[in-house]
There are 2 protein chains.
Amino acid sequence: MSEEMNIFVEYLKKKDLKLTDQRREILNTFLRIDKHLSVEELYDIAKKKDPSIGQATVFRTLKILCDADIAKEVDLGDGKVRYEHKYGHEHHDHLICTKCGRFIEVVDSQIEKLQEEMCKQRGFTQKLHKMEIFGICKNCRKK
Amino acid sequence: MSEEMNIFVEYLKKKDLKLTDQRREILNTFLRIDKHLSVEELYDIAKKKDPSIGQATVFRTLKILCDADIAKEVDLGDGKVRYEHKYGHEHHDHLICTKCGRFIEVVDSQIEKLQEEMCKQRGFTQKLHKMEIFGICKNCRKK
DNA sequence: CTTGATTTTGAAATTCAATATCAATTATAA
DNA sequence: TTATAATTGATATTGAATTTCAAAATCAAG
Ligand SMILES: [Mn+2]
Ligand SMILES: [Mn+2]
Ligand SMILES: [Zn+2]
Ligand SMILES: [Zn+2]
């Protein structure tokens, strides 16, 4: 049983929510496919294992996984929210290939520091930030 | 007649599009209200001057203004696309106050440089980037 | 000016992701 | 086992954005 599943079970207990087959299966699928998937994509995969799972339950379960800090929304404003693993993952930003759709995860401590400074200078209290760089990845460039 | 209006007129001519009262009024409203407005907000304002203007036309015209590099989409992934002035404005990022909704425009040449380096290191060709920092602005903090 | 091909318009219909509704089903503690 | 409360999936609904379409407007040519 994965760490995340333990956390999930505990979280559900704490919130008086119930552990169901669907929720278990959705979490397992989410963990197995380590990508930035949309609900639709995750739903299609989970459905294969258990055809009785409904879209609404996938939406609902991913929201719970976010509340439990197991998943995190990634919204690029392209009309579909995606979800990534949060548990055991530090904050990071993304380089996104507009050709193949690959997400490259990056952190630059210097940039993070400069962001802090920039906010401080303006009396702005930073809560969170998003940095996304769009372009063409190494692989796609070669071809 | 504003610079932007000249550009718009030229752009329309070049693309065999027509200059209409609605398009003129939408651009003027857009220029007058120098904020990051959603289509809905811009529509409500433009409608007061000319009640016959329809939402669809506002959507359509803002798309044209983007094509003409007069306007630029700002999509924070909160379900509503906003538009800002592009003509005569350099690239910049945003500090966004989650309390009052204010947009503070910022550029940090050091950050921009580090972003370039980061991409270079990974063989990633940067096309564009978005950086948004969410938090509480000076004004809202005081209260 | 007119003319007339072509574009544009606004209202309404449609799309699409996300959310809400609801009766039937299921989990879980007593 | 039973009672209660949560959960489910199908379906309906929402809200932003887009498409459709017949009527109206633009604008270049005459
Ligand atoms: Mn990521
Ligand atoms: Mn701006
Ligand atoms: Zn790629
Ligand atoms: Zn504020």
Side-chain angles (χ1 to χ4, degrees), chain A residues 5 8-30 36-68 71-83, chain B residues 5 8-30 36-68 71-83:
Chain A
M5 188 59 79
F8 191 39
V9 172
E10 285 310 306
Y11 183 84
L12 293 175
K13 211 168 277 173
K14 194 174 75 192
K15 294 282 183 178
D16 280 319
L17 302 174
K18 292 172 179 173
L19 180 60
T20 64
D21 292 344
Q22 293 91 334
R23 284 176 178 172
R24 221 191 322 259
E25 182 50 39
I26 290 164
L27 174 52
N28 282 328
T29 302
F30 173 72
H36 299 74
L37 294 185
S38 67
V39 174
E40 181 83 37
E41 290 165 338
L42 194 46
Y43 167 62
D44 286 340
I45 296 166
K47 205 170 42 178
K48 281 175 193 161
K49 276 241 170 172
D50 179 352
S52 77
I53 285 177
Q55 271 192 327
T57 302
V58 179
F59 271 102
R60 290 187 282 229
T61 303
L62 283 167
K63 285 231 177 303
I64 297 172
L65 291 175
C66 286
D67 290 342
K72 187 178 186 304
E73 275 194 9
V74 183
D75 193 332
L76 305 181
D78 66 339
K80 282 185 191 189
V81 174
R82 295 170 180 284
Y83 290 87
Chain B
M5 187 60 78
F8 190 40
V9 172
E10 284 312 305
Y11 183 84
L12 293 175
K13 211 168 276 174
K14 193 175 74 192
K15 295 282 183 179
D16 280 319
L17 302 173
K18 291 172 180 175
L19 180 59
T20 65
D21 292 345
Q22 293 90 334
R23 285 176 175 170
R24 219 191 324 256
E25 181 50 40
I26 290 164
L27 173 53
N28 281 329
T29 302
F30 173 73
H36 299 75
L37 293 185
S38 68
V39 175
E40 181 85 38
E41 290 165 338
L42 194 47
Y43 167 62
D44 286 340
I45 297 166
K47 205 171 40 178
K48 281 174 193 162
K49 276 241 171 173
D50 179 353
S52 77
I53 286 177
Q55 272 192 326
T57 302
V58 179
F59 273 101
R60 291 186 282 228
T61 303
L62 282 168
K63 287 232 176 300
I64 297 172
L65 291 175
C66 286
D67 290 340
K72 187 178 186 304
E73 274 196 8
V74 182
D75 193 332
L76 305 180
D78 66 338
K80 280 185 190 188
V81 174
R82 296 170 179 283
Y83 291 87

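All heavy atoms count here, side chains included; hydrogens, waters and symmetry mates do not. In the text below, chain A, chain B and the rest are named by the order of the sequence lines, each starting its count at 1.
Of the possible donor and acceptor atoms, none in the side chain of Glu25(B) sits under 3.5 Å from a partner among the backbone N and O of Gln22(B). Between the Arg82(A) side chain and the Leu37(A) main chain, no donor and acceptor come within less than 3.5 Å of each other.
Within 4.0 Å (heavy atoms only), Ser52(A) reaches sugar-phosphate atoms of the nucleic acid but no base atom. Nucleic acid contact for Gln55(B): none, since no nucleic acid atom lies under 4.0 Å from a heavy atom of the residue. Within the 4.0 angstrom heavy-atom criterion, base atoms lie near Lys18(B).
Relative to the side chain of Lys80(A), the nucleotides dT9(C), dT21(C), dA17(C) differ in distance, and dA17(C) lies closest. The side chain of Phe59(A) lies closest to dT19(C) when the candidates are dT19(C), dA6(D), dT8(C). When the nucleotides dA17(C), dT8(C), dT8(D) are ranked by their closest atom to the side chain of Leu17(B), dT8(C) comes out on top. Candidate nucleotides dT8(D), dA10(D), dA27(C) were compared by shortest atom distance to the side chain of Ala56(A), and dA10(D) ranks first. Set against dT19(D), dT26(D), dA27(C), the side chain of Thr20(B) has dT26(D) as its closest nucleotide. For Arg60(A), the listed nucleotide lying nearest its side chain is dT8(D); candidates were dA27(C), dT8(D), dT9(C). Of the candidate nucleotides dT8(D), dA16(D), dT19(C), dA16(D) has the atom lying nearest to any side-chain atom of Glu40(B).
Going from atom NZ of Lys63(B) over to atom P of dA16(D) covers 15 Å, rounded to whole Å. In this entry the distance linking CG of Leu42(B) with P of dA16(D) reads 15 Å, nearest Å. Atom pair Arg23(B):CZ and dC27(D):C1' shows a separation of 13 Å (rounding to whole Å applied). Rounding to whole angstrom units, NZ of residue Lys15(A) and P of dA6(D) are separated by 14 Å. Atom CG in Leu62(B) sits roughly 14 Å away from atom C1' in dA16(D) (whole-Å rounding). For the pair Asp78(A) CG and dC16(C) C1', the interatomic distance rounds to 13 Å; values are reported in whole Å. In this structure, Tyr83(B) atom OH and dA17(D) atom C1' are separated by 9 Å, rounded to whole Å. The CG-C1' distance, from Leu12(B) to dA28(D), rounds to 16 Å in whole Å.
The two residues Tyr83(B) and Glu73(B) have their closest heavy-atom pair at CE2-CG, 3.5 Å. In this structure, Ile53(A) and Tyr43(A) approach most closely via the heavy-atom pair O-CE1, 3.4 Å. Of all heavy-atom pairs spanning Val39(B) and Val58(B), the tightest one is CG1-CG1, 3.7 Å.
With the nearest nucleotide of DNA chain D identified for both Val39(B) and Asp21(B), Val39(B) has the one nearer the 5' end.
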